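Reading through the structure tokens given below for one structure.
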Amino acid sequence: MSGGGQTAAEAVRGTDRPAGTVRAAAYGVVALPLRRRLKHTTADTGQLVQVVLRLVLSDGRTGWAETRGNGAYATHHTTESIVAALAALPAVTDPAWDDPAALAASVARRCPPAAMLLDVAYRDAVARGRGVPLAVALRTEYGGAAAAGRPAGTGLLPTHAAIPFGTPKEAAELTAVAAASGFRRVKIRVGGDPVLDSARIAAARTAADRVSGPGTVVLAADANGGWDPDTALAATPWLARYGVAWLEQPTVPGDLAAMARVRAESPVPVWADEDVRDAADVRKVADLGAADGVHLKLEKAGTVAALAEAVDVARERGLDVALGQMDCGRLGCATTAHLAAGLGLAVAELWGCANVDRDLAAGLELLDGAVRLPDAPGLGVEVLLDPARLTPVGRPGTPAAVSVPLPGPVPTHGAADRPARHKERS
């Protein structure tokens with residue numbers, strides 16, 4: 001099934017509704033196996049549990065979105081709570097669906113990851129109906145934000161490689177591969193044993209300089225709130241010595257005074273991540289002088305409008321802004337890429353699918369450390385799931401009941417990923 005394909009049940013529902021209104025909405029849960037375990041101070045898993053949503057508009061256009069279910073350490077929501085929020089939505093015949101943006105905003109107050117699914121899937125479908133990439137639609141809507149940063153548009157969007165916990169040797173090997181592949185930013189997980197973390201940073205610095213030349217590759221460090229203030233402050237001199245550009249969330253989330261103390265004394269810029277979800281959080285961080293920059297995620301903000309507001313506030317307060325993402329599949333990575341281009345954000349995580357062994361979508365390409373933004377309408381990737389296996393909203397369900405299998409072994413590397421079974425271009 002491709003393009004605006006629909007099931008037989010969808011074909012007979014809502015045929016008299018105006019074009020652009022939602023005719024069908026269904027969700028499911030998909031487990032994406034990883035090549036190596038995802039490990040940092042708040043996670044240890046061998047798979048990404050993704051909740052997906054598919055919308056069909058009255059003109060037949062479809063939109064898709066995915067969000068992490070097993071990322072409660074960052075979003076504070078589980079697979080169960082996200083599915084419960086979707087199952088609790090009214091049937092698409094309810095007047096609440098006449099304004100999907102308002103519906104998403106209302107859901108965001110209870111479950112931002114579920115709201116993200118609604119907002120992105122609807123925007124994907126509408127952009128496809130207009131025949132434009134989502135980034136172009138976002139640039140039109142949020143032109144002021146885009147103009148303040150990097151010019152938006154299609155093309156290559158630089159991203160960074162992520163180096164997980166491991167040995168110094170492993171950090172060196174992964175960094176060398178990243179540098180040889182064209183990455184010019186590498187973010188290394190820290191926040192554990194400072195002695196081991198220091199050795200890993202040193203090994204990564206040496207490997208990057210050997211492959212690409214001294215200082216060519218920018219290093220960043222992400223502690224995910226794993227250190228207390230004294231440990232973080234003790235780490236900042238050696239982080240500076242190895243040329244680390246910024247230290248992300250050095251102290252436990254919820255204690256901005258502790259992070260402000262680190263920031264006041266650190267020779268390395270400090271960025272907030274887990275402590276910022278929306279514009280109000282950005283204002284709080286700025287008022288307390290707790291960070292030099294913020295790392296924002298749509299999964300935490302809930303809607304594109306809330307994310308754009310947070311970006312605007314950060315820029316107004318003179319903070320650096322990066323766009324992050326949870327580790328996810330190509331569908332989620334395409335979403336972040338379009339957001340980065342549409343909102344004009346030069347620093348963004350766009351390749352959270354790097355460690356995924358089997359994906360639920362295809363068609364997003366990495367080239368020389370940059371993501372090639374799809375120029376097809378909407379998100380521009382191919383979704384491999386069979387829509388008939390999804391559960392319509394308005395019908396109670398559980399993750400076990402709505403789990404959707406991946407459609408057999410599919411390649412996840414290279415520009416020519418074009419699986420034929422159950423694919424829809426989003």
Side-chain angles (χ1 to χ4, degrees), residues 4 22-30 32 48-57 61-71 75 77 79 81-83 85-87 89 92 97 100-101 103-105 107-108 111-129 133-135 137-138 297-307 323-340 342 350 352-353 356 359-364 374 376-387 389-393 399 402 404 423-426:
V22 176
R23 181 173 66 200
Y27 61 94
V29 178
V30 184
L32 305 183
L48 305 180
V49 181
Q50 302 298 111
V51 185
V52 297
L53 179 70
R54 176 180 181 261
L55 300 183
V56 182
L57 304 188
R61 301 293 182 176
T62 61
W64 286 86
E66 71 169 320
T67 196
R68 269 284 292 285
N70 61 340
T75 66
H77 286 274
T79 301
S81 66
I82 298 169
V83 166
L86 296 175
L89 289 170
V92 293
W97 284 94
L103 182 60
V107 172
C111 185
M116 169 193 170
L117 293 175
L118 281 168
D119 199 22
V120 171
Y122 184 69
R123 288 174 179 274
D124 179 27
V126 170
R128 290 188 64 233
L134 181 58
L138 292 172
K297 291 183 174 73
L298 182 59
E299 292 92 336
K300 295 187 292 183
T303 66
V304 175
L307 176 69
L323 182 62
Q325 63 176 193
M326 306 292 294
D327 291 273
C328 58
R330 276 170 169 74
L331 180 60
C333 289
T335 299
T336 314
H338 282 279
L339 285 169
L350 307 174
C353 58
V356 171
D359 210 335
L360 62 83
L364 194 67
L379 291 172
V381 295
E382 294 170 337
V383 177
L384 311 177
L385 304 178
D386 182 357
R389 304 296 295 270
L390 302 178
T391 297
V393 301
V402 301
V404 178
K423 66 182 181 180
E424 289 194 7
R425 182 173 293 279
S426 271

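Since this is a predicted model, take the numbers as computed values, not measurements. Index from 1, following the sequence.
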Minimal non-hydrogen separation, [X] against [Y], with atom names:
{"X": "Pro374", "Y": "Pro133", "result": "O-CB, 4.1 Å"}
{"X": "Ala114", "Y": "Ala85", "result": "CB-CB, 3.7 Å"}
{"X": "Ala340", "Y": "Leu323", "result": "N-CD2, 3.6 Å"}
{"X": "Leu331", "Y": "Ala361", "result": "N-CB, 3.9 Å"}
{"X": "Gly378", "Y": "Ala127", "result": "CA-CB, 3.8 Å"}
{"X": "Ala301", "Y": "Ala306", "result": "O-CB, 3.7 Å"}

Roughly how far, to the nearest 0.5 Å, is [atom2] of [Y] from [atom1] of [X]?
{"X": "Leu48", "Y": "Glu66", "atom1": "CG", "atom2": "CD", "value": "8.5 Å"}
{"X": "Met326", "Y": "Thr67", "atom1": "CE", "atom2": "OG1", "value": "7.5 Å"}
{"X": "Arg54", "Y": "Leu390", "atom1": "CZ", "atom2": "CG", "value": "7.0 Å"}
{"X": "Cys353", "Y": "Arg330", "atom1": "SG", "atom2": "CZ", "value": "4.5 Å"}
{"X": "Leu339", "Y": "Lys297", "atom1": "CG", "atom2": "NZ", "value": "13.5 Å"}

Determine whether Trp97 and Leu118 satisfy the following criterion, side chain to side chain contact (heavy atoms under 4.5 Å, CB included), listing intermediate values before the conclusion. CA-CA 10 Å; Trp97 284 94; Leu118 281 168; 3.4 Å; yes
Can you find a heavy atom in the side chain of [X] that is under 4.5 Å from one in the side chain of [Y]?
{"X": "Arg23", "Y": "Leu57", "result": "no"}
{"X": "Trp64", "Y": "Leu55", "result": "no"}
{"X": "Ile82", "Y": "Cys111", "result": "yes"}
{"X": "Thr335", "Y": "Asp124", "result": "no"}
{"X": "Leu360", "Y": "Gln50", "result": "yes"}
{"X": "Pro100", "Y": "Val22", "result": "yes"}
{"X": "Leu117", "Y": "Tyr27", "result": "no"}
{"X": "Leu364", "Y": "Cys333", "result": "yes"}

Say whether Arg128 and Thr62, considering side chains only, have a donor N or O and an acceptor N or O under 3.5 Å apart.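 There is such a pair (donor and acceptor under 3.5 Å, judged by atom type) between the side chains of Arg128 and Thr62.
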Apply side chain to side chain contact (heavy atoms under 4.5 Å, CB included) to Leu379 and Val120, showing your working. CA-CA 9 Å; Leu379 291 172; Val120 171; 4.2 Å; yes
With sequence neighbours excluded, tell me which residues meet side-chain hydrogen bond (donor to acceptor under 3.5 Å, both in side chains) with Thr75. none
Tell me every residue that passes side-chain hydrogen bond (donor to acceptor under 3.5 Å, both in side chains) with Glu299, counting only those two or more places apart in sequence or in another chain. none
Those residues that, when tested against Arg123, pass salt bridge (charged side-chain N to carboxylate O under 4.0 Å, His left out) (two or more places apart): Asp119, Glu141
Derivation of the side chain to side chain contact (heavy atoms under 4.5 Å, CB included) call for Val356 and Asp327: CA-CA 9 Å; Val356 171; Asp327 291 273; over 6 Å; no
Side chain to side chain contact (heavy atoms under 4.5 Å, CB included) between Val92 and Val56, intermediate numbers included: CA-CA 10 Å; Val92 293; Val56 182; over 6 Å; no
